[in-house]
Amino acid sequence: MSNENYVEQVYFLTRKIPIGKVTTYGAISKFLTLGSARMVGWALNKSFTAENVPAHRVVNRKGELSGRNHFATPTLMQELLEKEGVTIKDNCVVSLATHFWDPNLELDDYFD
DNA sequence: AAGGTGACAGGGT
DNA sequence: TACCCTGCCACCT
């Protein structure tokens with residue numbers, strides 16, 4: 001599989017994240033069963049060139065907004081999430097468990 | 001050409 | 001509980 005396809009799959013999956021929900025780099029890499037969590041970050045880093053990729057809904061396993069410095073402004077990621085109803089405190093998602101969206105559970109039906 | 005660097009994660013101490 | 005170490009893999013010096 002080419003890198004281009006890998007990136008497209010990351011975008012596809014990221015677009016599936018419901019508003020008000022977030023997921024993690026690890027969950028995405030696990031669902032795609034290839035690459036590593038680092039590659040997900042690498043793919044999302046290129047998402048500026050793609051349309052409609054809600055990269056702000058992807059955080060690290062601790063719920064930290066580790067990618068905020070890669071947005072137009074360092075505060076944009078937090079602003080977008082709060083606008084969608086996700087509370088942020090100290091650059092971390094509050095109650096990550098209740099906002100967490102796991103593609104491995106939610107998307108099984110799509111790919112029987 | 002070789003080593004360092006990340007939008008990371010999981011296990012060990 | 002919190003830190004540290006290691007695996008990860010494409011890209012950049």
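Proteins come first, then strands; the chains are lettered A, B, ... in the order of their sequence lines, and each starts at number 1. In what follows, every heavy atom counts, from backbone to side chain, and hydrogens, waters and symmetry copies are set aside.
Counting only distance, with no hydrogens or angles, the side chain of A:His56 and the backbone of A:Gln78 share no donor-acceptor pair below 3.5 Å. In this structure, A:Arg68 contributes its side chain and A:Met77 its backbone to no donor-acceptor pair below 3.5 Å. The main-chain N or O of A:Val94 is never found under 3.5 Å from a side-chain atom of A:Thr87 such that the two would form a donor-acceptor pair. Side-chain atoms of A:Ser95 do not come within 3.5 Å of backbone N or O of A:Thr98 as any donor-acceptor pair. The backbone N or O of A:Lys46 sits less than 3.5 Å from a side-chain atom of A:Thr49, completing a donor-acceptor pair.
Among the protein residues, A:Ala43 comes within range of no part of the nucleic acid, since none of its heavy atoms lies under 4.0 Å from any strand. Nucleic acid contact for A:Thr24: sugar-phosphate only, since backbone atoms but no base atoms lie under 4.0 Å from a heavy atom of the residue. Residue-level contact check: A:Asn60 touches the backbone only, with heavy atoms under 4.0 Å from sugar-phosphate atoms and none from bases.
A:Tyr25 places its OH atom 4 Å from the C1' atom of B:dA7, with the value rounded to the nearest Å. Atoms CG (A:Leu96) and P (B:dA9) sit 10 Å apart, rounded to a whole Å. Atoms NZ (A:Lys62) and C1' (C:dC3) sit 10 Å apart, rounded to a whole Å. In this structure, A:Met39 atom CE and B:dA9 atom C1' are separated by 15 Å, rounded to whole Å. C:dA10 atom P lies 9 Å from atom OH of A:Tyr6, rounded to whole Å. Taking atom CZ of A:Phe100 as the reference point, atom C1' of B:dA9 lies 12 Å away to the nearest angstrom. Between A:Glu64 atom CD and C:dC3 atom C1' there is a gap of 13 Å when expressed in whole angstrom units. Distance, A:Leu34 CG to C:dA10 P: 10 Å, rounded to whole Å.
Closest to the A:Arg61 side chain, of the nucleotides C:dC8, B:dG11, B:dA7, is B:dG11. For A:Ala37, whose side chain is taken as the heavy atoms from C-beta onward, the closest listed nucleotide among B:dA9, C:dC11, C:dC9 is B:dA9. Listed nucleotides C:dA10, B:dA7, C:dC9 differ in distance to A:Ser36; the shortest reach to its side chain belongs to C:dC9.
A heavy-atom distance below 4.0 Å to DNA chain C is reached by none of the residues of residues 67-88 of chain A.
Residue A:Asn60 comes nearest to A:Tyr25 through the heavy atom pair N-CE1, 3.4 Å, listed as atom of the first residue, atom of the second, then distance.
Under the 4.0 Å criterion applied to side-chain N and carboxylate O atoms, A:Arg57 and A:Glu84 are assigned as salt-bridge partners.
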